[in-house]
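Data block below; observations after.
The analysis underlying the following values was restricted to heavy atoms, covering all of them including side chains, and did not include hydrogens, waters or symmetry mates. Small disclaimer: the values here were computed from a predicted structure and weren't measured. Order of appearance sets the numbers: ligands from 1, and atoms from 1 within every ligand.
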Amino acid sequence: MPIQPNILERFAFFTLNAAPTPMLDLAGALGYQALSTAVRLHLFETLQERPLTISELAQKLNCQERGLNHLLKALDGLGYVTEKNGRYHNTTMTEKWFTDGTILDLNSAITCWDAFLHDLWPHAPEVIQSGKRPYNFYDYTASQPGLSHAHQQMMSGNANLNAPDIVKRVKLPAGPTRLLDVGGGHGAYAIHFCQANPNLQATILDSEIALETARQHVTANDLTKRIHLQPADIWQVEWGTDFDLVLLFNFIHHYDLETNVKLLQKAHAALKPGGQLAIFDQLESKQFGSAINGLLRLISLMYYLFADGRIFSSEEVQQLLDKARFSSVQFFTTPMWAGQSLVTAVKQSSVQSDASNDKQ
Ligand SMILES: C[S@@+](CC[C@H](N)C(=O)[O-])C[C@H]1O[C@@H](n2cnc3c(N)ncnc32)[C@H](O)[C@@H]1O
């Protein structure tokens with residue numbers, strides 16, 4: 001958690017500009033490093049078994065007490081652990097986001113962030129100056145042992161958190177049978193849709209290495225007969241036709257507007273008349289507060305640096321869908337989705353679209 005200024009400190013930092021406000025960003029970087037150190041030492045997992053004194057914890061983590069004491073105090077200041085009667089334990093915030101394996105996998109997110117901070121962010125000045133990247137993001141994640149899996153696990157945690165709500169909001173045509181998940185990586189969305197729709201069969205299109213994670217999840221959920229994994233570059237293969245639902249989840253942010261029109265046209269061609277497209281991604285929106293808007297700007301910068309992508313506004317997505325001839329566009333978001341939005345749109349049946357063309 002970022003360190004929280006009290007009311008007097010807020011006044012000094014944010015209103016009077018009397019204290020060096022950028023120090024809070026420098027502190028944020030230190031806070032991240034303290035958190036990453038705790039994750040790499042398995043400190044939260046160990047405290048989850050039972051609260052421990054510093055010397056008990058030092059023994060279990062094979063650490064020196066003096067260093068561990070500094071780390072615990074820093075983590076206490078950030079709200080990750082707390083001390084009671086000489087024993088440290090995880091706060092409820094840490095229990096929820098780091099040790100409950102059923103929701104967001106922030107341990108995998110830390111593995112990814114560590115790698116990105118070490119290998120990709122240092123190139124930021126040259127990328128911004130030249131517009132060129134000395135790496136390809138997905139080749140890079142594939143080349144680092146365990147990184148592609150950590151990336152997919154991070155995304156899969158996000159999916160498991162949001163999918164139940166998304167599945168309820170996507171109104172499928174009656175008796176849906178075919179789903180295409182483009183860049184579906186870890187498979188969690190296809191799994192949730194199949195579990196909610198017993199007659200649905202899904203195809204996940206993604207790279208071979210991403211699908212290794214999907215294979216584990218699909219097998220663990222006993223869905224190998226209903227979920228087909230298709231390793232391919234989505235630009236190099238035909239997607240097939242007559243799908244009831246096409247998912248483009250966390251995908252449009254990889255491309256510019258022009259490429260996204262082509263992507264949506266491919267989705268349109270893959271759907272049956274009356275079929276649904278669903279997009280789930282971070283989108284700029286006037287509904288969000290300052291923390292989410294600040295987060296979205298940082299993530300958009302990251303997408304630019306890593307893959308020449310960016311976050312779009314709801315208006316831009318509406319225009320993209322219009323260009324690709326989708327109709328009945330709906331936008332949904334909730335504060336729980338931390339800046340992500342769901343967009344659904346329908347491929348008109350040819351009778352409807354002929355009628356609307358006649359009117360024009
Ligand atoms: C940010 S992840 C999103 C994963 C998942 N859809 C989700 O929302 O959690 C993007 C996925 O797209 C895949 N991807 C990117 N470009 C691709 C391409 N040209 N062909 C196939 N898959 C691609 C990546 O491997 C990755 O699994």
Side-chain angles (χ1 to χ4, degrees), residues 103-106 108-109 112-113 115-116 120 133 135-144 147-167 170 179-194 202-218 227-240 245-256 259-260 262-264 266-267 270 277-283 296 299-300 302-312 337-344:
I103 49 173
L104 263 194
D105 186 352
L106 281 174
S108 294
C112 293
W113 246 235
F116 300 162
L120 304 186
R133 287 149 197 83
Y135 44 76
N136 168 291
F137 179 72
Y138 286 107
D139 289 348
Y140 159 73
T141 55
S143 72
Q144 306 293 308
L147 186 57
S148 172
H149 182 64
H151 184 239
Q152 293 300 339
Q153 285 296 97
M154 170 176 80
M155 296 307 298
S156 152
N158 183 50
N160 288 328
L161 190 65
N162 303 319
D165 204 6
I166 292 174
V167 169
V170 175
L179 159 70
L180 176 66
D181 189 356
V182 179
H186 44 75
Y189 289 110
I191 290 169
H192 280 270
F193 273 99
C194 282
T203 299
I204 306 177
L205 207 51
D206 207 308
S207 63
E208 180 59 55
I209 190 161
L211 293 177
E212 282 173 17
T213 305
R215 197 164 288 118
Q216 293 173 13
H217 293 169
V218 169
I227 299 183
H228 169 62
L229 307 180
Q230 187 180 344
D233 180 328
I234 63 119
W235 298 107
Q236 304 298 327
V237 289
E238 294 299 324
W239 294 6
L245 175 62
V246 172
L247 307 184
L248 287 174
F249 281 13
N250 292 298
F251 206 76
I252 62 169
H253 66 239
H254 293 91
Y255 305 113
D256 58 19
T259 312
N260 272 320
K262 292 186 190 134
L263 184 74
L264 295 187
K266 274 175 91 63
L277 170 71
I279 294 172
F280 187 66
D281 219 312
Q282 287 106 352
L283 295 187
L296 290 180
I299 292 177
S300 195
M302 183 172 73
Y303 290 158
Y304 168 75
L305 293 173
F306 291 4
D308 202 1
R310 73 173 171 99
I311 289 178
F312 296 97
W337 290 350
Q340 298 167 104
S341 298
L342 171 69
V343 190
T344 59

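In the candidate list Asn250, Asp233, Leu263, Asp233 is nearest to atom 19 (N) of ligand 1, counting heavy atoms. Relative to atom 10 (C) of ligand 1, the option among Tyr138, Phe249, Phe137 with the closest non-hydrogen atom is Tyr138.
The protein non-hydrogen atom at the shortest distance from atom 20 (N) of ligand 1 is Ile234 N, 2.9 Å. Nearest protein heavy-atom contact of atom 26 (C) of ligand 1 is Asp206 OD2, 3.5 Å. Closest to atom 4 (C) of ligand 1, if we only count protein heavy atoms, is Gly183 O, 3.3 Å.
For the atom pair CD of Gln153 and CG of Asn160, the computed distance is 9.0 Å after rounding to the nearest 0.5 Å. Between atom CG of residue Asp256 and atom CZ of residue Phe312 there is a gap of 7.0 Å, rounded to the nearest 0.5 Å.
Counting the atoms of ligand 1 from 1 in the order shown, those under 4.0 Å from a heavy atom of His254 are 10 (C). Near Trp235, the atoms of ligand 1 lying under 4.0 angstrom from a non-hydrogen atom of the residue are 19 (N). Listed by number with element, the atoms of ligand 1 under 4.0 angstrom from any heavy atom of Tyr189 are 7 (C), 8 (O), 9 (O).
Screening Phe137, Phe306, Tyr138 for a ring pair (Phe, Tyr, Trp, His ring centres under 6.0 Å) with His254, the sole residue that qualifies is Tyr138.
Taking 4.5 Å as the limit, every side-chain heavy atom of Ile279 sits out of range of all side-chain heavy atoms of Phe251. You'll find the side chain of Ile311 reaches within 4.5 Å of the side chain of Ile299, heavy atoms only. Residues Tyr303 and Gln282 are in side-chain contact: their nearest non-hydrogen atoms beyond the backbone lie under 4.5 Å apart. Proximity of Leu247 to Leu179: side-chain heavy atoms (C-beta onward) are separated by under 4.5 Å at one or more points. Under the 4.5 Å side-chain criterion, counting only non-hydrogen atoms from C-beta, Leu248 is not in contact with Phe280.
Ligand 1 lies within reach of Gln152, whose nearest heavy atom is under 4.0 Å from it. Not a single heavy atom of Phe280 sits under 4.0 Å from any atom of ligand 1.
Contacts between Ala232 and ligand 1 below 4.0 angstrom, taking non-hydrogen atoms only, involve the backbone exclusively.
Backbone and side-chain nitrogen or oxygen atoms of His151 are examined, and none is located within less than 3.5 angstrom of a nitrogen or oxygen of ligand 1. The shortest N/O to N/O separation between Phe251 and ligand 1 does not fall below 3.5 Å. For the pair Ala159 and ligand 1, the shortest N or O to N or O distance does not fall below 3.5 Å. Checked by distance only, ligand 1 and His186 come closer than 3.5 Å through their nitrogen or oxygen atoms.
Classification of Arg215 and Glu208 as a salt-bridged pair holds, one side-chain N sitting under 4.0 Å from a carboxylate O.
For the pair Arg133 and Tyr140, the cation does not sit on the ring face, since its NZ or CZ is not both under 6.0 Å from the ring centre and inside 45° of the axis.
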